[in-house]
Amino acid sequence: MRNKPWKMKEGFAIGIGLIAVGVVLQLAVGPVAWGAFAWPINGVVMAAFVAVIALTYILRKRVYAFKFLGTNHAAIPAMALAVVLTIVMGLTIQSPDGNWFSNMLSFWPFVLVYMLIALILGQVIINRTMHFKWKRDIPFMLNHLGLFLAMTTATLGNADVQRLRMIATEGQPEWRAVADNGMVKTMPMSIELKKFIMETYDDGSPKRYASVLKIAEKQGEAFEATIDVNKPIVVDGWKIYQYGYDTSMGAESKISILELVSDPWLPLVYAGIFMMLGGAVCMFVFGRREGEKVRK
């Protein structure tokens, strides 16, 4: 890597070197402990990462490796390695309790390669911002900024995702929900089962089951809502799903098992996805206009 300019082989060398570092970290400290990045730690990490991107861009004229990160010769190998690791993830059964390939989202090589892609994206975004031209760069910026936002917030926000279970009982308001680790959490609303609904096929197997709930927020009036399987409602930032019921009672069940999910970073992930969609639309519109000008 002493010979300059660097080409694709140096790009692959950097990516493979990161994978090797990741393997060492995996052996030394185990998988990435995303739970340690809960708010406000993930916010600090996000700010620090953006600062590193900015500093890398500022020093690009002094450090050749930083300048190299803004080139296709760095981006293409990083994307290729990410694709390979992503294919491996798709071909293996993923489990939160897994290790190495069975839990790729916490596998150090996977995480480091995607961090490299985010760093490269940051360099490219800043560089294009410094030479911004409206029609040429709006689709580019929407696509790249959207991808950067979706990648980083989906990763760092994972630590703040909460999945809880609550047993709502007919005639008894419930404030408590339980996490998978057994920890009890007091919710910002009470939930009471008003009526359990079940429709069955001719053989008696469930066709549809739902719950009519009375929900009372700490600051607000109580209201009733019906939730079906895969048709949740949102209350105070929590999505409430129909999860189960007392199978021994069937249609006469007096309890409803609910799943409550909070993902505060999800709007940012969606914002990134919509930005990419907007970029695709802009590419189509501007490309079509340019094509019409050429024909004229």
| field | Flag if over 12 foreign heavy atoms under 6.0 Å of OH, Tyr270 | value | no
| Does atom CG of Asp203 have more than 12 heavy-atom neighbours from other groups under 6.0 Å away? | yes
| request: Would you give the length of the straight line joining atom OG1 of Thr186 to atom CH2 of Trp175, rounded to the nearest 0.5 angstrom? | output: 9.5 Å
| field | Closest non-hydrogen atom pair between Val269 and Ala150, with its separation | value | O-CB, 4.1 Å
| field | Same apolar cluster: Val23 and Leu18, side chain cutoff 4.5 Å | value | yes
| Would Val83 and Leu116 show up in the same hydrophobic cluster when neighbours are defined by side-chain heavy atoms closer than 4.5 Å? | no
| field | Flag side-chain contact, heavy atom, 4.5 Å: Pro232 against Ile227 | value | no
| said: Looking at every non-hydrogen atom in both residues, tell me the closest pair between Tyr114 and Met151 and how far apart they are. | reply: O-CE, 3.5 Å
| said: Please determine whether side-chain contact (heavy atoms from CB on, under 4.5 Å) holds for the pair Tyr57 and Asn127, giving the CA-CA distance in whole Å, both sets of side-chain angles, and the decisive distance to 0.1 Å. | reply: CA-CA 8 Å; Tyr57 182 81; Asn127 185 61; 3.5 Å; yes
| query | Rounded to the nearest 0.5 Å, how far apart are CD1 of Ile14 and NE2 of His73? | reply | 12.0 Å
| query | Would you say the side-chain atoms of Gln123 pair up with the backbone N or O of Ile53, donor to acceptor, closer than 3.5 Å? | reply | yes
| task | Just jot down the salt bridge (charged side-chain N to carboxylate O under 4.0 Å, His left out) partners of Arg128, sequence neighbours excluded, or say none. | result | Asp137
| query | Looking only at heavy atoms, what is the nearest atom pair of Ala78 and Ile120, with distance? | reply | CB-CD1, 4.0 Å
| Side chains of Arg163 and Val261 in contact at under 4.5 Å (non-hydrogen atoms) | yes
| request: Could you tell me whether the side chain of Trp265 and the main chain of Thr152 form a donor-acceptor pair under 3.5 Å? | output: no
Give every donor-acceptor pair under 3.5 Å between a side-chain atom in residues 165-173 and any protein atom, sequence neighbours left out.
{"from": "Arg165", "atom 1": "NH1", "to": "Glu259", "atom 2": "OE2", "distance (Å)": "2.7"}
{"from": "Arg165", "atom 1": "NH2", "to": "Tyr243", "atom 2": "OH", "distance (Å)": "3.1"}

| Any Phe107 side-chain heavy atom under 4.5 Å of Val113 side chain | no
| said: Can you tell me how the ring of Phe68 sits relative to the ring of Trp6, calling it parallel under 30°, perpendicular over 60° and tilted otherwise? | reply: perpendicular
| field | Leu142 and Met276, any side-chain heavy atoms less than 4.5 Å apart | value | no
| If you draw a 6.0 Å radius around CD in Glu252, do more than 12 non-hydrogen atoms from other residues or ligands fall strictly inside? | no
| request: Could you tell me whether the side chain of Trp238 reaches within less than 4.5 Å of the side chain of Pro188, counting heavy atoms only? | output: yes
| said: Looking at Asn72, I want to see if its CG is surrounded by more than 12 non-hydrogen atoms of other residues, nucleotides or ligands under 6.0 Å. | reply: no
| Would Val178 end up clustered with Ile191 when hydrophobic side chains under 4.5 Å apart are linked, directly or stepwise? | no
| Just by distance, do the side chain of Asn42 and the backbone of Phe37 share a donor-acceptor pair under 3.5 Å? | yes
| message | With a 4.0 Å cut-off on N to O distance, would you call Asp228 and Arg208 a salt bridge? | response | yes
| Over all atoms of both residues, closest heavy-atom pair of Tyr209 and Gly244 | CE1-CA, 4.3 Å
| task | Any chance you could measure Leu119, atom CG, to Thr56, atom OG1, to the nearest 0.5 Å? | result | 5.0 Å
| remark: Heavy-atom closest pair (Ala251 atom, Phe196 atom, distance to 0.1 Å) is O-CD2, 4.0 Å
| query | Are Leu69 and Val124 close enough, and set up right, to give a side-chain contact (heavy atoms from CB on, under 4.5 Å), and what steps lead you there? | reply | CA-CA 8 Å; Leu69 290 176; Val124 173; over 6 Å; no
| How far apart are the C-alpha atoms of Ser102 and Thr92, what are their side-chain angles, what is the distance that settles it, and do they pass the side-chain contact (heavy atoms from CB on, under 4.5 Å) test? | CA-CA 6 Å; Ser102 62; Thr92 54; 5.8 Å; no
| Donor-acceptor contact present, side-chain Asn143 to main-chain Pro139, <3.5 Å | yes
| message | For the CD1 atom on Ile93, are there more than 12 heavy atoms of other groups (residues, nucleotides or ligands in this structure) within a distance under 6.0 Å? | response | no
| Does Glu224 use its side chain to pair, donor to acceptor, with the backbone of Leu213 at less than 3.5 Å? | no
| message | Strictly distance-based, threshold 3.5 Å: is any side-chain N or O of Trp108 a donor or acceptor partner for the main-chain N or O of Gly30? | response | yes
| remark: Rounding to 0.5 Å, atoms CZ (Phe140) and CG (Leu145) come to a distance of 9.0 Å
| field | Separation of Leu147 CG from Leu121 CG (nearest 0.5 Å) | value | 5.0 Å
| message | Please determine whether residues Phe148 and Phe132 belong to a single hydrophobic cluster, defined as Ile, Leu, Val, Met, Phe, Trp and Tyr linked transitively by side-chain heavy-atom distances below 4.5 Å. | response | yes
| said: Testing the basics here: between Met89 and Leu105, what is the closest heavy-atom pair and its distance to 0.1 Å? | reply: SD-CD2, 4.4 Å
| task | Identify the residue among Leu85, Ile19, Asn103 that makes a side-chain contact (heavy atoms from CB on, under 4.5 Å) with Phe110. | result | Leu85
| field | Gap between atom CD1 of Ile197 and atom OG1 of Thr226 - 0.5 Å precision | value | 5.5 Å
| said: Please check: side-chain N/O of Ser205 versus main-chain N/O of Tyr201, any donor-acceptor pairing under 3.5 Å? | reply: no
| said: Looking at Phe274, I'd like to know if its CZ atom is crowded, meaning that more than 12 non-hydrogen atoms belonging to other residues, nucleotides or ligands lie closer than 6.0 Å. | reply: no
| said: Determine whether Leu25 and Leu112 satisfy the following criterion, side-chain contact (heavy atoms from CB on, under 4.5 Å), listing intermediate values before the conclusion. | reply: CA-CA 10 Å; Leu25 287 171; Leu112 291 179; 4.3 Å; yes
| said: Side chains of Ser190 and Glu174, heavy atoms from C-beta outward: is any pair under 4.5 Å? | reply: no
| Should the heavy atoms of other residues, nucleotides or ligands under 6.0 Å from CE of Met79 be counted, would the total exceed 12? | no
| side-chain contact (heavy atoms from CB on, under 4.5 Å) with Leu55: which residues, sequence neighbours excluded? | Leu59
| task | Verify the cluster assignment for Leu164 and Leu266: are they in a single hydrophobic cluster under the rule of side-chain heavy atoms below 4.5 Å apart? | result | no
| pair Gln242-Ser256: side-chain heavy atoms closer than 4.5 Å | yes
| note | Given the options Leu156, Thr155, Leu149, Thr153 meets side-chain contact (heavy atoms from CB on, under 4.5 Å) only with Leu149
| Taking side chain as C-beta onward, heavy atoms only, is Lys231 less than 4.5 Å from Tyr241? | no
| query | Between the side chain of Ser253 and the main-chain N/O of Ile255, is any donor-acceptor distance below 3.5 Å? | reply | yes
